[in-house]
There are 2 protein chains.
Amino acid sequence: MATINDVALKAGVSVTTVSRVLNNRGYISEATRKKVYETMEELGYQPNEIARSLLRKQSHIIGLIIPSVSHPFFSELARHVEYYAYQYGFKVLLCNSHLDPGKEKVYTEMLRRNRVDGIIMGSHTLEVDEYRNVHSPIVTIDRKIDDEIPFISSENYRGGELATELLVSKGCRKIAHICGNLELNLLANQRSDAFRDVVTKHGVEHVIIQTDMNVFDQEQYERIIRRLLEEHPNVDGIFATSDIIAAFAVKECMKAGKTIPRDVRIIGYDDVNAASWLTPELTSIKQPIEEIGRLAVELIRKQLEGEPFETENLLPVELVERQTT
Amino acid sequence: MATINDVALKAGVSVTTVSRVLNNRGYISEATRKKVYETMEELGYQPNEIARSLLRKQSHIIGLIIPSVSHPFFSELARHVEYYAYQYGFKVLLCNSHLDPGKEKVYTEMLRRNRVDGIIMGSHTLEVDEYRNVHSPIVTIDRKIDDEIPFISSENYRGGELATELLVSKGCRKIAHICGNLELNLLANQRSDAFRDVVTKHGVEHVIIQTDMNVFDQEQYERIIRRLLEEHPNVDGIFATSDIIAAFAVKECMKAGKTIPRDVRIIGYDDVNAASWLTPELTSIKQPIEEIGRLAVELIRKQLEGEPFETENLLPVELVERQTT
DNA sequence: GATTATATGTCAATCGTTTATCATATGTCA
DNA sequence: TGACATATGATAAACGATTGACATATAATC
């Protein structure tokens with residue numbers, strides 16, 4: 001593979017000159033500039049970014065740690081992160097933690113060894129101290145670590161409120177709430193707080209069920225929901241904490257011979273694309289996934305450039321009513 | 001950030017010794033090894049992989065270029081690629097081309113500048129020559145470039161056959177086939193060849209409709225299918241070339257008051273996770289996505305290590321019959 | 001004719017690591 | 001005693017670029 005030396009040699013100029021052309025600094029005549037570009041073309045020369053990174057102490061790489069790209073929410077998030085990263089001149093290193101603390105730790109170390117410019121953390125099984133040990137700019141999605149590390153989240157409490165209020169206002173008398181693991185210190189848990197509050201306020205009967213949030217075990221979802229319907233056959237409203245869970249709820253309800261939304265009203269969360277692929281189309285609480293992705297990259301950039309930035313970033317959510325309520 | 005020099009200084013040994021510990025070569029006493037490890041721990045030292053990459057001329061990074069991670073097929077593929085890459089000690093750089101030839105070109109150049117060890121190409125808008133210019137190991141998904149570059153695909157013709165035969169055997173009299181852009185030189189187009197052959201063989205009436213394969217324009221799908229149902233109200237079988245398209249077909253058919261599978265039978269392709277989230281669950285042709293991902297990484301590895309490898313890799317497909325047929 | 005802007009070159013240091021070479025110990029074994 | 005194995009160090013080159021300092025040459029400008 002051609003080096004800057006080869007280019008200089010072949011073009012009959014010095015490496016300094018080639019470097020000047022490459023980086024647009026100092027005086028360069030149009031003639032040599034052209035000559036150099038031609039030679040680079042002929043040799044198929046591409047500057048070695050690794051050498052540049054070493055010198056500049058900037059890799060222009062952002063590490064993205066998420067539970068799994070195959071979860072619709074994170075796959076959409078990853079797409080937007082990649083899109084905006086690219087706009088700002090960053091590349092994205094993809095890491096799926098599968099919510100395994102060991103893997104998550106190893107990934108943060110790997111990213112550190114590779115001197116990434118920043119890390120976007122969407123998976124949270126680590127202890128607070130371990131985040132501080134990372135030493136490079138971090139942005140956290142849906143979890144507040146401390147007052148230093150910026151995080152992005154949407155109005156989870158508001159979302160839970162909107163969802164629950166909707167079910168109540170539609171006349172549901174017994175509402176089930178299916179959420180992720182409440183042990184994990186996630187801001188998403190505020191949705192469940194809101195659920196509890198609203199349902200209590202209106203004196204509506206309710207059930208809360210926790211899952212592992214593990215998309216790969218789809219059978220777990222089926223099992224949990226089937227059990228819910230068996231133990232509480234009179235449930236007439238379900239608020240699921242993700243659209244995927246909601247989709248399974250729809251499926252199991254229909255299997256049980258219930259008509260949606262007549263017998264059971266169901267609302268999901270996130271409003272991923274898949275929510276509108278379903279029949280009936282899923283009512284959901286929309287998170288601004290694109291904006292979350294954009295902001296995450298933006299916050300890394302601001303930290304790098306020493307610009308001031310907000311630590312708390314709460315984005316608005318929105319009720320999208322479709323056919324399941 | 002601590003360097004190997006800092007470690008050596010603090011541990012009271014030479015850099016050579018630290019390097020020997022780090023790379024497990026030469027003689028090292030247990031005592032110094034321990035001392036060095038402790039010092040690294042204290043300093044939070046992580047070796048600079050950029051410097052290593054420069055010297056070793058190996059970045060241990062694989063570039064993954066796909067149309068979009070938010071398309072379920074590619075999001076699952078990306079997850080498996082990342083998983084196996086990690087097993088082999090590679091990292092994954094994510095690139096979404098959005099099927100834009102310009103972006104795809106720029107991405108291959110970027111990956112080249114970053115000296116990635118290999119590229120997995122799942123997006124194919126480039127000319128054959130441009131693949132050859134990449135110079136690093138490539139694996140292509142679903143497209144054959146030439147006799148040199150290895151590609152992975154599944155038995156597309158067989159898949160098309162299975163799908164079409166199923167619809168015919170269920171008694172469909174007029175079958176629609178919705179496929180991607182047949183201009184792109186993709187092996188997936190063989191599904192359409194099979195469709196044509198089977199349908200002709202049985203003398204069954206049929207329609208073929210092309211789409212842009214652009215997931216982000218979901219309205220396009222809706223429009224296309226709505227038009228199909230208007231212009232050919234007597235269609236009683238639909239073979240879609242992706243599960244997403246099939247999901248929209250299900251939705252539009254139900255909107256048109258048709259019962260599935262009584263009035264219209266629908267079969268998708270890929271068998272992504274989402275296929276079983278739907279109600280009714282989608283019949284589909286299953287591609288071995290995990291194996292495709294595994295093999296892709298494996299083929300990069302083999303090229304790097306100079307091991308012999310197969311150029312043509314055709315993996316088996318499987319009919320998964322569910323509720324839409 | 002002196003000054004200045006433009007254009008290019010040489011040289012060497014630097015980024016953080018690895019590794020080869022050579023040197024220098026000490027300890028062990030025949 | 002000599003030959004080896006073990007353990008560590010000093011030194012320098014290399015990976016591929018960038019950059020500052022300094023030199024030199026031509027052309028344009030006052």
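Residue numbering restarts at 1 for every chain, and letters A, B, ... go by the order of the sequence lines.
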| Residues in side-chain contact (heavy atoms from CB on, under 4.5 Å) contact with B/Arg294, at least two apart in sequence or another chain | B/Tyr84, B/Glu291, B/Glu298
| remark: side-chain hydrogen bond (donor to acceptor under 3.5 Å, both in side chains) filter on B/Ser136, not counting sequence neighbours, yields none
| said: Does this structure show an ion pair linking B/Glu290 with B/Arg79, if we count only N-O contacts that are shorter than 4.0 Å? | reply: no
| said: Expressed as a whole number of angstroms, how long is the span from A/Arg25:CZ to D/dA17:P? | reply: 17 Å
| query | Taking only residues two or more places apart in sequence, or in another chain, which ones meet B/Arg132 in a side-chain hydrogen bond (donor to acceptor under 3.5 Å, both in side chains)? | reply | B/Asp129, B/Asp146
| message | Does B/Gln87 have more than 12 heavy atoms from other residues, nucleotides or ligands lying within 6.0 Å of its CD? | response | yes
Close N or O pairs between protein and nucleotides 6-8 of chain D (under 3.5 Å):
unit_1 : atom_1 : unit_2  : atom_2 : d
D/dT6  : OP2    : B/Tyr27 : OH     : 2.6
D/dT8  : OP1    : B/Ser29 : OG     : 2.9
D/dT8  : OP1    : B/Thr32 : OG1    : 3.0
D/dT8  : OP2    : B/Ser29 : N      : 2.7
D/dT8  : OP2    : B/Ser29 : OG     : 3.3
D/dT8  : OP2    : B/Thr32 : OG1    : 2.8

| query | With sequence neighbours left out, what residues match B/Arg112 under side-chain hydrogen bond (donor to acceptor under 3.5 Å, both in side chains)? | reply | none
| task | Give a yes or no on whether the backbone of A/Val13 and the side-chain of A/Thr17 come within a donor-acceptor separation of less than 3.5 Å. | result | no
| request: Walk along DNA chain C from 5' to 3' and tell me the first and last nucleotide with an atom closer than 4.0 Å to a non-hydrogen atom of chain B. | output: C/dG16 to C/dT19
| message | As a quick check of understanding, evaluate side-chain hydrogen bond (donor to acceptor under 3.5 Å, both in side chains) for A/Asp142 and A/Ser153, giving each step before the final call. | response | CA-CA 5 Å; A/Asp142 225 55; A/Ser153 189; 3.0 Å; yes
| task | Please determine if B/Glu38 and B/Lys35 form a salt bridge, counting it only when a charged side-chain N lies under 4.0 Å from a carboxylate O. | result | no
Nucleotide N/O of nucleotides 14-16 of chain D paired with protein N/O under 3.5 Å:
unit_1 : atom_1 : unit_2  : atom_2 : d
D/dC15 : O3'    : B/Lys57 : NZ     : 3.4
D/dG16 : OP1    : B/Lys57 : NZ     : 2.3
D/dG16 : N2     : A/Ala51 : O      : 3.4

| task | Please list all pairs passing the ring-ring contact (aromatic ring centres under 6.0 Å, His included) test where one or both residues lie in residues 103-123 of chain A, with sequence neighbours left out. | result | A/Tyr107-B/Tyr86
| said: Output the rounded distance in Å from CD (A/Gln46) to C1' (D/dA17). | reply: 14 Å
| task | Could you pull out all residues at least two apart from B/Glu305 that satisfy side-chain contact (heavy atoms from CB on, under 4.5 Å)? | result | B/Arg301, B/Glu307
| message | Once pairs are restricted to Watson-Crick or G-U wobble with both distances under 3.5 Å, how does DNA chain C read as a dot-bracket string, [ ] for crossings and | for other-strand pairs? | response | ||||||||||||||||||||||||||||||
| request: Report the residues that fulfil salt bridge (charged side-chain N to carboxylate O under 4.0 Å, His left out) with A/Glu82, sequence neighbours left out, ordered by chain and then residue number. | output: none
| remark: A/Gln58 atom CD is separated from D/dA17 atom P, nearest whole Å, by 19 Å
| message | List the residues meeting side-chain hydrogen bond (donor to acceptor under 3.5 Å, both in side chains) with B/Thr125, not counting sequence neighbours, and say none if there are none. | response | B/Glu104
